[in-house]
Amino acid sequence: MAGTKVSTHKVFQSVMEIAQRRGFFWPAARDLYSEAPAGFWIYGPLGIKMKNKIVQAWRNWILKPEGAYEIETPSLLPLAIFKASGHLEHFFDKLVECNQCHTRWRADELLEDKLNVRGIEGASEEELKELLIKHEVRCPKCGAFNWSDVRRFNLMFLTATGAEADEPNMGLRPETTQGSAVEFRRCYMVMRGKLPFIMAQLGHVFRNEISPRRGLIRMREFQQLEVHIFFDPENISPYDKKLEPYLGYKLRFLKLEDADSGKIREIPAKEALESGYTINELITYWLVLYQRFFNEVLGFPLERLRYRELGPDERAHYASAHWDLEVYSEEMGWVELVNNAYRTDYDLKGHSRESGVDLTVQTDGKKVLPHLYEPSIGLDRTIFFELLISYRKDERVWMKLPRNLAPYDAAVFPLLSKEDLIGKAREVEALLSKDFEVFYDEKGSIGRRYRRMDEIGTPACITIDYQTLEDDTVTLRDRDTMLQVRVGIEELPKRLKEFLSGRRLEEIGEPLNQNQ
RNA sequence: GCGGCCGUAGUCCAGCCUGGAUAGGAUGGGGGCCUCCCGAGCCCCAGACCCGGGUUCAAAUCCCGGCGGCCGCACCA
């Protein structure tokens, strides 16, 4: 990609360093308690501003136009929900490791294959080990008969409500989806919904990762931006119409068959749909929408984006089709930022079975158990990748963040720390603060203040100089080019807004030619 | 979780091997002086041996454990 070549590891390190030094995010509680476990991060003042802007973009660009109903559900839910969702079964593997080749196996599956029976999963860890030895089960891979102890692999955080509960009866959700599935019926009713019916959640989720690593990429508590589209698979209208303008739009796929070569195919939506690859118009439309969102709104270049198709072995237990929207960086390779799963009626069916409540809805004069398509954004990873992709190092260190996503919209500086300039600068700050995120500073040399703003990606710097005192104009500096134009104070809010929404500096005024 | 390497101010590094007095530098940070536009200069200030145990008269230094980081394997619904 463009920009100075920096060794790959360095960029990751530099971004992490800036993030912690300038206040985007850092490891939670570590400063005071060195034993604080990994995988938990706090967002500092800058990180929160950036996060809020990304969430706002998602609400404005996806939820509102698509008519999604955003809700908020608890993080802690009764285990019955996770029984219905299949998470209990898939989160509590009892694993045994071959001491020779270090391959791990599910102990119950080894025994079921060997003994050709079902229903061993209820056995304890000790019983499983004994059974493995008693029946001389060998490692299917290397043939060794040398097992580790059977260990429980518990990927959900469990706890108990009520003073007297001694067995866990609740768990921290590993995805927000179950909240939407459980509340679907009432939400549909109170909103007088019809299919397709779209719900959305921003929420924290929890996974007890074995080894959290790589900063915000693998966390134990993280945030998802999820959209839950409930629909009748027999009738996906109005998505046939909605997709029409985008039939020529090229989706970027890494198909299962190209997994080895890594060859990305640019497939027009029409072709993806008609070949049956993207199943129906609804799913195709949402694949287009999210690729566009990441490209056009979050600013990831198309060549850095791809939908990687997951094979049957890789897919979640609930998914019949599954693409990861991945983003590429030189440092991290391809990393999944959005999980796009066609969950069919798996979730509603499970909850209907577990609760005994009929979750079918009336549509087109028939009863339908809706299917679910779910694009789920990993918010923390997205924030991290914005920084990673934006990082630049030339004579400056700076962040080429999309202008609308930078923590601060603009900085206001008096050129020198003189009373008359400071007074005027404070006026300008007050004028802009109503509509923008503004940073004010009067300390140190002007160059140093500019560079600090460059480092956190602030797109515009506004400087009050002696000419301001004469004619009420200020300079507006473009982060990317370091060029400046003079703008009258009374039209500054309007001009700044134009600039932030993408207008080039040259279209706002004649660039001054005062820096080299 | 396994193996390898590693852990000193916010950051980067020296000191560790060969134990010894006030742990040194750069950068960053705060304050001030100066300064009419890009990390300038000068002065002042604050700031660290990951945690716990052991050996020793004495531990940043040697040993053990924990926690954390990087790389690889595994895991990643």
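To find a chain, count down the sequence lines: A is the first, B the second, and so on, and within it residues start at 1.
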Between A/E209 and A/V397, who's closer to the 5' end of RNA chain B by nearest nucleotide? A/V397
Which is more 5' along RNA chain B, the nucleotide nearest A/H322 or the one nearest A/Q467? Just name the residue. A/Q467
Rounded to whole Å, please give me the gap between [atom1] in [X] and [atom2] in [N].
X	N	atom1	atom2	answer
A/K418	B/C37	NZ	C1'	16 Å
A/I217	B/C70	CD1	P	11 Å
A/E175	B/C76	CD	P	15 Å
A/E419	B/C36	CD	C1'	17 Å
A/Y450	B/A40	OH	C1'	15 Å
A/W26	B/G68	CH2	P	20 Å
A/L416	B/A40	CG	C1'	14 Å
A/R220	B/C75	CZ	P	17 Å

Report yes if a donor N or O on one partner sits less than 3.5 Å from an acceptor N or O on the other, where the partners are the side chain of [X] and the base of [N]; otherwise report no.
X	N	result
A/R396	B/C38	no
A/R218	B/C75	yes
A/D465	B/C36	no

Between the protein and nucleotides 65-67 of chain B, which nitrogen or oxygen pairs come in under 3.5 angstrom?
residue: B/C67; atom: O2'; partner: A/S34; partner atom: O; Å: 2.7

Protein-nucleotides 4-13 of chain B N/O pairs closer than 3.5 Å?
none

Assess the pair A/F40 and A/F206: is the distance between their ring centroids shorter than 6.0 Å? no
May I ask you to decide if the ring planes of A/Y328 and A/W334 are parallel, tilted or perpendicular, using 30° and 60° as cut-offs? tilted
Any side-chain N or O of A/K443 under 4.0 Å from OP1/OP2 of B/G32? yes
Using a cut-off of less than 4.0 Å, is there contact between a side-chain N or O of A/T463 and OP1 or OP2 of B/C37? no
Contacts to RNA chain B from residues 338-347 of chain A, heavy-atom cutoff under 4.0 Å, which residues? none
Going through the checks in order, is the side chain to side chain contact (heavy atoms under 4.5 Å, CB included) test met by A/R396 and A/M482? CA-CA 11 Å; A/R396 305 178 285 164; A/M482 293 190 277; 3.5 Å; yes
With a 3.5 Å cut-off and no angle check, do the side chains of [X] and [Y] form a donor-acceptor pair?
X	Y	value
A/Y43	A/D380	yes
A/E175	A/S376	no
A/R449	A/T463	no

Mind pulling the stems RNA chain B is in, i.e. runs of at least three Watson-Crick or G-U pairs, everything under 3.5 Å? B:1-7 with B:67-73, B:10-13 with B:24-27, B:29-33 with B:41-45, B:50-54 with B:62-66
Does the pair [X]/[Y] count as a salt bridge with the N-to-O cut at 4.0 Å?
X	Y	value
A/R304	A/E330	yes
A/D465	A/R486	yes
A/D454	A/R477	yes
A/E455	A/R452	no
A/K255	A/E309	no

So A/W323 and A/Y277, ring pair (Phe, Tyr, Trp, His ring centres under 6.0 Å) or not? Walk me through it. CA-CA 11 Å; A/W323 294 271; A/Y277 182 65; 5.7 Å; yes
Taking everything shown except A/E72 itself, do over 12 heavy atoms lie less than 6.0 Å from its CD? no
Side chain of A/R448, heavy atoms from C-beta onward: which of B/G29, B/C36, B/C38 has the nearest atom to it? B/G29
As a test of reading the structure: which of B/G39, B/U35, B/C38 is closest to the side chain of A/R452, going by heavy atoms? B/G39
Pairwise C1' distance, B/A9 and B/G4 [rounded to whole Å]: 29 Å
Please measure how far the P atom in B/G47 lies from the corresponding atom in B/G41, and state the result in whole Å. 24 Å
Partners of A/K424 by salt bridge (Lys or Arg N to Asp or Glu O under 4.0 Å), sequence neighbours excluded? A/E427, A/D472
ring-ring contact (aromatic ring centres under 6.0 Å, His included) involving A/F82 - partner list, sequence neighbours excluded: none
